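Treat the numbers as computed from the prediction; the structure is a model and nothing was measured. Reminder, nothing fancy here: chain letters follow the sequence lines and each chain counts from 1.
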Protein chains: 2
Amino acid sequence: MSRQVDHDARRRHIAAAVWRLAASGGLEDATIRRVAAEAGVPARQLQYYFGTREDLLLGALELLNRDGAAEAQGRVAALGPEATPRDILRSVLLEFLPLDESRRQRHLVYIAYFVRFMADEAIRDRIRDTPPELENLIALLLPEGRKDEADFLLAGTNGLQGQVLLGQLSAERAVELIDRQLDRLFTPTQ
Amino acid sequence: MSRQVDHDARRRHIAAAVWRLAASGGLEDATIRRVAAEAGVPARQLQYYFGTREDLLLGALELLNRDGAAEAQGRVAALGPEATPRDILRSVLLEFLPLDESRRQRHLVYIAYFVRFMADEAIRDRIRDTPPELENLIALLLPEGRKDEADFLLAGTNGLQGQVLLGQLSAERAVELIDRQLDRLFTPTQ
DNA sequence: ACGTAAGTGGTTCGACCGTACCAGAACGAG
DNA sequence: CTCGTTCTGGTACGGTCGAACCACTTACGT
């Protein structure tokens, strides 16, 4: 019934253009015409594959989430079966730092969406989706499951993300700070 | 030479309209016409007092920074002369949490500017200005001046800010988490 | 073979954008 | 008083926006 075009690939190609524009100039730069030019396709195609501009922005965010989750799971899985809880936890936390261009761009795009859709319930839920389960996972990985430390550890990582993006902090220093916290938390209490 | 109009008050009145719009819908909602309507003044007045839209956004950010610094200093000063280092540190950290509508709006506006002006050197420096000295202040207030803990404490507070804004975390819980960290850091090490 | 649905490209429309422009009103200086 | 500066309000212009529209091609089901 369908032509031989790969719809998912097409949508992803367009979404990637949205990401680039949103990361460099905010959501307001992601107009239909500009996205089309960035992707190198006629503007009409965005209408066909996404509908309105609102749908386009939502769809691009959806794909970004999916990509991010897959990338993160891949990196954690790459640790191998004999990884310690500390190794896994470290890997999970580092996922929030802009350690490569992919993660850097993803975090910038999230920030671009942040304010715009704070009022929009649908999007707020979509952004909020992950963390609650994430905090529990972190607490599980910590010795003695200290919930307070787990929550603050996640918050600290998120804060480091912002500082690295702003150039206030080097990525190396952020990783070092996380490692120092892990040192402390995985050291048997007195 | 000048009329009896208070230019600063006028600029502040307009800037406040920019903040409200930027906080609720992002920078793209802060168009000249919309800001004028929100402030209840003719659009022409924004041109007169700020110039171009770019100047308007920059000016509004400038005023926001000034207000924020004054508010923060006031709250710290209100602690009185017999405040302990821990009291002062707690007050400084809490300044970053959206504990009232004023701080909540200010943080939202910062986020709205974040991506848009990441590429713009002038603005990036203006946002980046405060923290370096702030980290040193925090380290000074900590017993034994532990730089790593000071940096992570600030990062954690920034992270909590984002989570509270997103509704992932209650303000009370955020304050509690900070207090737990302060408990730990102000407890003599074994 | 042919019809039908999927997909494409280009254009058009009304709305809003930022900013320049133009009188004229209000007030202090001479 | 009156001249000139400061300040105000309204409007006009060129441009871009999102979205609707229409003519067209393509390839599959039958």
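Checking the phosphate oxygens (OP1, OP2) of C/dA6, no side-chain nitrogen or oxygen of A/His7 falls inside 4.0 Å. At C/dC17, one or more side-chain N or O atoms of B/Thr31 fall inside 4.0 Å of OP1 or OP2 (strictly under the cut-off). A close approach under 4.0 Å does occur between a side-chain nitrogen or oxygen of B/Tyr49 and OP1 or OP2 of D/dT8. Remark: A/Arg34 is in phosphate contact with D/dC17, judged by side-chain N or O atoms under 4.0 Å from OP1 or OP2. For the OP1/OP2 pair of D/dC24 and a distance below 4.0 Å, the side-chain nitrogens and oxygens of A/Arg44 include no atom meeting the criterion. Side-chain nitrogen and oxygen atoms of A/Tyr48 include at least one within less than 4.0 Å of the OP1 or OP2 phosphate oxygen of C/dG7.
Remark: A/Asp67 engages A/Arg12 in a salt bridge, criterion side-chain N to carboxylate O under 4.0 Å.
Considering only heavy atoms from C-beta on, A/Trp19 stays 4.5 Å or farther from A/Leu108 through its side chain. Residues B/Thr157 and B/Val92 are not in side-chain contact: their nearest non-hydrogen atoms beyond the backbone lie 4.5 Å or more apart.
As rounded to whole Å, 13 Å separates atom P of C/dG18 from atom CG of B/Asp55. The interatomic distance linking A/Asp8 (CG) with C/dG7 (P) rounds to 12 Å, in whole Å. Between the P atom of D/dC7 and the CZ atom of B/Arg11 lies a distance of 13 Å, rounded to the nearest Å. Rounded to whole Å, atom C1' of D/dA12 lies 10 Å from atom CZ of B/Arg33. In this structure, B/Asp29 places its CG atom 17 Å from P of D/dC17, rounding to the nearest Å. Residue A/Ile32 contributes atom CD1, which lies 16 Å from atom P of C/dG9 at whole-angstrom precision. Nucleotide C/dC17 holds its P atom 12 Å from the CD atom of A/Glu28, rounded to whole Å. In this structure, A/His13 atom NE2 and C/dG7 atom P are separated by 17 Å, rounded to whole Å.
Between B/His7 and B/Tyr49, the angle of the ring planes goes over 60°, which puts this pair in the perpendicular group of the 30/60° scheme.
For A/Arg10, whose side chain is taken as the heavy atoms from C-beta onward, the closest listed nucleotide among D/dC7, C/dT19, C/dT8 is C/dT8. Listed nucleotides D/dG9, D/dC7, D/dA19 differ in distance to A/Arg53; the shortest reach to its side chain belongs to D/dA19. You'll find that the side chain of A/Gln47 is closest to D/dA20, out of D/dC7, D/dA20, D/dG18.
A/Gln168 and B/Glu135 form no side-chain donor-acceptor contact under 3.5 Å, judged by distance and modelled atom types alone.
Comparing A/Gly51 and B/Val41, the nucleotide of DNA chain D nearest to each residue sits closer to the 5' end for B/Val41.
Backbone-only engagement by A/Gln45 is indicated by non-hydrogen atom pairs under 4.0 Å involving sugar-phosphate atoms exclusively.
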